[in-house]
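Remarks on the structure that follows.
Since the model is a prediction, treat every value here as computed from it, not as a measurement.
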Amino acid sequence: MKNIKRLSARVAVGLFSLLVSMGAAAQSITSPNGLLKLTFSLTANGEPVYELTYKDKVAVKPSRLGLELKKDAGLMNGFTLLDSKTSAFDETWKPVWGEEKEIRNHYNELAVTLNQEAQKRHMVLRFRLFNEGLGFRYEFPAQQNLNYFVIKEEHTQFAMTGDHTAWWIPGDYDTQEYDYTESKLTEIRGLMQKAITDNASQAQFSLTGVQTALMMKSADGLYINLHEAALIDYSCMNLNLDDKNLIFESWLTPDAKGDKGYMQTPCQSPWRTVMVSDDARDILASRITLNLNEPCKLEDTSWIKPVKYIGVWWEMITGKSSWAYTDELPSVKLGETDYTKTKPNGRHAANNTNVKRYIDFAAEHGFSQVLVEGWNQGWEDWFGHSKDYVFDFVTPYPDFDVKMLQSYAKSKGVRLMMHHETSSSVRNYERHMDKAYQFMVDNGYNAVKSGYVGDIIPRGEHHYGQWINNHYLYAIKKAADYKIVVNAHEAVRPTGICRTYPNLIGNESARGTEYEAFGGNKPFHTTLLPFTRLIGGPMDYTPGIFDTKLSFLGEGEHSFVHTTLAKQLALYVTMYSPLQMAADLPESYERHLDAFQFIKDVAIDWDESKYLEAEPGDYLTIARKAKDSSSWFVGGITDENPRTAVVNLNFLEPGKQYVATLYADGKDAHYIDNPASYQIKKGLVTSKTRISVKEAASGGFALSLVEATAADKKAVKKWK
């Protein structure tokens with residue numbers, strides 16, 4: 001009887017495989033809430049195809065899947081269905097830090113095993129359908145005829161249903177530091193050259209190539225986001241658009257030889273993600289990227305703490321000061337160049353007196369760390385020379401006393417934050433990494449900002465290729481061995497790996513505040529980043545610039561910050577990060593201590609987040625509840641168009657009163673004409689209160705909500 005059952009099952013599987021291979025059968029799963037549906041099938045040629053619908057509306061048309069291999073028939077077609085399994089999963093997990101204290105991981109799964117009979121090998125396609133989107137990946141089990149292989153290209157398609165509006169940056173193997181362009185898909189080709197601006201290292205590949213996370217909106221109101229999760233031991237994915245058929249296809253970053261991935265089974269690709277909703281707020285609230293990563297692999301995470309910091313940084317970015325100690329050295333050889341015999345340039349910012357000034361300011365205002373850039377020897381010729389031995393990460397300039405400054409900082413209850421600029425000489429950094437991390441431990445540092453400016457060494461490699469992606473993870477894991485948190489700049493954009501390694505506490509990997517000193521960011525820039533770059537993880541955006549006119553640079557021609565002062569405050573809520581910098585000069589804050597109070601008060605770790613208003617490229621209003629506290633903070637920002645934000649405080653605990661302190665644009669505020677105009681208002685509110693706030697052009701507001709004490713209830717008037 002058992003043999004008959006097995007035979008019947010084999011016949012059924014064989015018949016089903018035949019039907020699918022003829023294009024006559026399909027399998028599907030729905031999201032837990034039933035709004036999304038994923039359908040999988042094989043074409044008559046045995047090509048894998050998927051389709052995604054939302055509320056019975058097509059979001060992704062039938063799209064092919066497969067990989068082209070080097071010197072191989074490839075994993076593109078000739079497949080039959082070998083096996084198919086569905087399952088459901090529902091858990092709640094607690095991140096070490098995050099936008100909420102608990103995250104639900106709830107999905108339905110379809111895993112299909114495909115047999116490529118001609119090559120005698122198989123591959124698994126795993127689909128996970130969440131309420132807000134889809135994640136899927138390729139899996140390659142260990143097998144006789146698929147062991148080592150080289151990827152020539154991954155051909156994952158995302159077929160769009162129309163000429164959507166997209167917010168995009170040029171596809172590039174080396175940088176994401178571009179301003180966004182808003183256009184129809186068919187307009188990308190014509191706008192590409194204008195969208196490409198200069199960068200220290202860049203390599204575009206196509207006139208229709210764009211990067212993820214890609215945010216789009218259809219004419220009928222669907223918000224669609226394309227990205228990837230768990231980018232591990234694989235090349236970063238760009239998207240190349242067939243603008244005639246409106247089909248995006250994956251385009252991996254190559255290595256120095258042009259190959260796009262070296263694989264050894266068992267292995268898998270990163271997850272490809274498609275988020276879909278008719279409410280933009282659902283995209284911001286999604287935790288798909290984190291949920292598709294592995295749980296935390298660090299046994300002890302007690303040493304990982306969110307950080308609010310200031311730094312010796314903005315004065316160099318703006319040109320007021322210098323990273324280099326002297327102007328006399330066109331060439332430096334570490335261990336041979338004697339800096340004591342050179343003349344200081346008088347503009348070196350990382351000197352004992354200046355750093356102590358920052359430490360004093362941090363201590364006075366409750367900041368836990370002070371970043372100092374330009375402290376170590378080698379900055380005179382660090383960039384543009386493809387220099388291998390560029391820094392050693394342990395040798396300070398003559399005017400920077402490591403031991404004294406650490407002792408001074410400790411006496412004030414402050415720590416210094418390390419800076420490791422590698423100049424993209426990755427081989428050199430790995431040679432010095434253990435020594436550099438041990439130097440940090442020996443001298444009281446527990447956080448490092450790393451940088452990868454310029455072209456990669458080994459020469460010919462790119463910032464987003466498989467080899468260097470493995471380096472970034474190596475640095476994170478090595479740092480964890482020394483209980484060091486990492487804030488990596490110019491590295492690959494994050495893909496949720498911070499869930500697995502939460503000591504990756506920050507990344508740059510996008511156009512940040514520094515570009516406000518290099519010509520400025522578009523007013524809508526920070527209304528887009530939460531829909532794009534931040535989908536993969538927090539960004540060290542470095543907000544908080546109060547002197548937006550950079551008046552300390554004098555009357556000459558220079559850039560300015562394209563926001564109001566109030567909008568800079570709002571960014572501490574709208575731009576999520578457990579690593580937040582007050583980036584301006586201490587003297588700028590001392591002129592506006594009333595507004596600076598919000599930066600001092602705002603939390604950097606959260607119990608809960610509410611997305612109140614959202615439209616990509618236009619505006620955001622976000623409320624967050626501070627970790628282990630009853631206090632809430634709200635931030636609202638807009639693009640170049642003034643608007644009125646409406647904040648319903650129904651997220652507050654009913655029956656309680658709160659002291660609301662509103663930091664808003666002044667009546668005459670404008671990001672160009674009058675950016676420093678702001679007003680502060682205070683009053684008692686409850687969960688029934690609604691607040692309307694006028695936001696100026698590229699303006700915003702910040703709101704703190706603190707549970708009222710008995711004294712507050714007597715002293716503070718009701719909100720009007």
Side-chain angles (χ1 to χ4, degrees), residues 27-40 48-54 59-60 63-67 84-93 95 103-114 123-140 154-159 212-216 222-237 239 248-250 252 267-277 282-295 493-500 531-532 534-537:
Q27 297 179 85
S28 64
I29 52 172
T30 58
S31 57
N33 63 7
L35 299 183
L36 280 162
K37 181 179 180 181
L38 175 280
T39 303
F40 172 80
V49 173
Y50 77 99
E51 182 181 11
L52 185 65
T53 61
Y54 175 78
V60 179
S63 301
R64 288 182 171 83
L65 302 171
L67 289 97
S84 173
K85 290 185 174 66
T86 58
S87 60
F89 188 81
D90 192 3
E91 69 167 2
T92 298
W93 58 278
I103 294 176
R104 189 179 186 187
N105 186 12
H106 189 200
Y107 59 83
N108 292 328
E109 180 176 285
L110 168 66
V112 293
T113 302
L114 303 178
M123 173 178 75
V124 177
L125 291 172
R126 190 174 304 275
F127 300 90
R128 289 181 179 173
L129 199 55
F130 302 80
N131 286 340
E132 67 275 29
L134 169 68
F136 63 91
R137 72 179 180 188
Y138 303 88
E139 296 178 358
F140 313 101
E154 179 190 319
H155 293 284
T156 299
Q157 292 184 346
F158 306 88
T212 70
L214 176 66
M215 189 67 201
M216 293 175 285
L222 278 190
Y223 298 91
I224 302 170
N225 184 285
L226 306 180
H227 195 31
E228 63 180 323
L231 174 55
I232 295 174
D233 196 18
Y234 206 84
S235 290
C236 175
M237 180 181 72
L239 298 172
F248 286 105
E249 189 165 285
S250 57
L252 303 182
C267 56
Q268 63 274 323
S269 73
W271 295 91
R272 281 60 186 99
T273 62
V274 185
M275 284 182 267
V276 184
S277 180
D282 293 339
I283 306 297
L284 299 177
S286 173
R287 302 293 174 253
I288 283 180
T289 314
L290 290 174
N291 281 329
L292 289 171
N293 277 267
E294 294 295 318
R493 79 283 190 277
T495 56
I497 293 173
C498 58
R499 178 190 179 185
T500 312
F531 288 101
T532 54
L534 271 71
I535 291 294

Should the pair Arg137-Glu228 be classified as a salt bridge under the 4.0 Å nitrogen-to-oxygen rule? no
Is it the case that the side chain of Asn225 and the backbone of Phe531 share a donor-acceptor pair, with hydrogens and angles ignored and the cut-off at 3.5 Å? yes
Whether Ser277 side chain and Asp282 backbone form a donor-acceptor pair below 3.5 Å: no
Rounded distance (nearest 0.5 Å) linking atom OG of Ser63 with atom CD of Glu51: 8.0 Å
side-chain hydrogen bond (donor to acceptor under 3.5 Å, both in side chains) between Trp271 and Asn293: does it pass, once the steps are laid out? CA-CA 9 Å; Trp271 295 91; Asn293 277 267; over 6 Å; no
Would you indicate whether the side-chain heavy atoms of Thr53 and Thr39 approach each other to under 4.5 Å? no
Can any side-chain N or O of Thr289 pair as donor or acceptor with the backbone N or O of Gly536 at less than 3.5 Å? no
Heavy-atom closest pair (Ala229 atom, Pro270 atom, distance to 0.1 Å) is O-CB, 3.3 Å
Can you measure from CD1 (Ile29) to CG (Leu36) and round to the nearest 0.5 angstrom? 10.0 Å
What pair of heavy atoms forms the shortest contact from His155 to Ser250, and how long is it? N-OG, 3.7 Å
Any non-hydrogen side-chain atom of Ile232 less than 4.5 Å from a side-chain atom of Ile497? yes
Between Leu252 and Tyr234, is there a side-chain heavy-atom distance shorter than 4.5 Å? yes
Rounded to the nearest 0.5 Å, what separation is found between the OG1 atom of Thr156 and the CZ atom of Phe248? 14.0 Å
Kindly say whether Glu132 contributes a backbone atom to a donor-acceptor pair with the side chain of Ser286 at under 3.5 angstrom? no
Correct closest heavy-atom pair for Ala111 and Arg126 would be CB-NH1, 3.6 Å
Student check: side-chain heavy atoms of Cys267 and Asp233 closer than 4.5 Å: no
What are the two closest heavy atoms between Gly135 and Leu292, and how far apart are they? CA-CD1, 3.9 Å
Closest contact, heavy atoms only, Met237 versus Thr212: O-OG1, 3.8 Å
Would you compute the distance between atom CG of Leu110 and atom CZ of Arg128 and round it to the nearest 0.5 angstrom? 12.0 Å
Look only at the side chain of Asn131 and the backbone of Asn33, and say whether a donor-acceptor pair between them is shorter than 3.5 Å. yes
Just wondering, do Leu226 and Met216 contact through their side chains at under 4.5 Å, heavy atoms? yes
Are the side chain of Thr500 and the backbone N or O of Glu294 linked by a donor-acceptor pair below 3.5 Å? yes
Let's go through Leu284 and Tyr223 carefully: what are the C-alpha distance in whole Å and the side-chain angles of both, what is the deciding distance for side-chain contact (heavy atoms from CB on, under 4.5 Å) to 0.1 Å, and is it a yes or a no? CA-CA 11 Å; Leu284 299 177; Tyr223 298 91; over 6 Å; no
Cationic tip of Arg287 within the cone over Trp93's six-membered ring, i.e. under 6.0 Å and within 45° of the normal? no
Under the side-chain contact (heavy atoms from CB on, under 4.5 Å) criterion, do Arg493 and Leu231 qualify, and how do the steps go? CA-CA 10 Å; Arg493 79 283 190 277; Leu231 174 55; 4.0 Å; yes
Spacing of Leu134 atom CG and Lys37 atom NZ [to the nearest 0.5 Å]: 14.0 Å
If you look at every heavy atom in Arg499 and Asn105, which pair is closest and at what distance? NH1-ND2, 4.3 Å
Any non-hydrogen side-chain atom of Leu290 less than 4.5 Å from a side-chain atom of Cys498? yes
State, with a plain yes or no, whether a side-chain heavy atom of Ser31 is found less than 4.5 Å away from one of Asn108. no
For the residue pair Phe89 and Glu109, establish whether any side-chain heavy-atom pair is separated by less than 4.5 Å. no
Can you check side-chain contact (heavy atoms from CB on, under 4.5 Å) on Ile283 and Ile535, steps first, answer last? CA-CA 8 Å; Ile283 306 297; Ile535 291 294; 4.1 Å; yes
Rounded to the nearest 0.5 Å, how far apart are CD1 of Ile288 and CE of Met275? 5.5 Å
Measure centre to centre between the rings of Phe40 and Tyr50, then say whether the value is under 6.0 Å. no
Could you go through Tyr138 and Leu65, starting from their C-alpha distance and side-chain angles, then the distance that decides it, and tell me whether this counts as side-chain contact (heavy atoms from CB on, under 4.5 Å)? CA-CA 9 Å; Tyr138 303 88; Leu65 302 171; 3.5 Å; yes
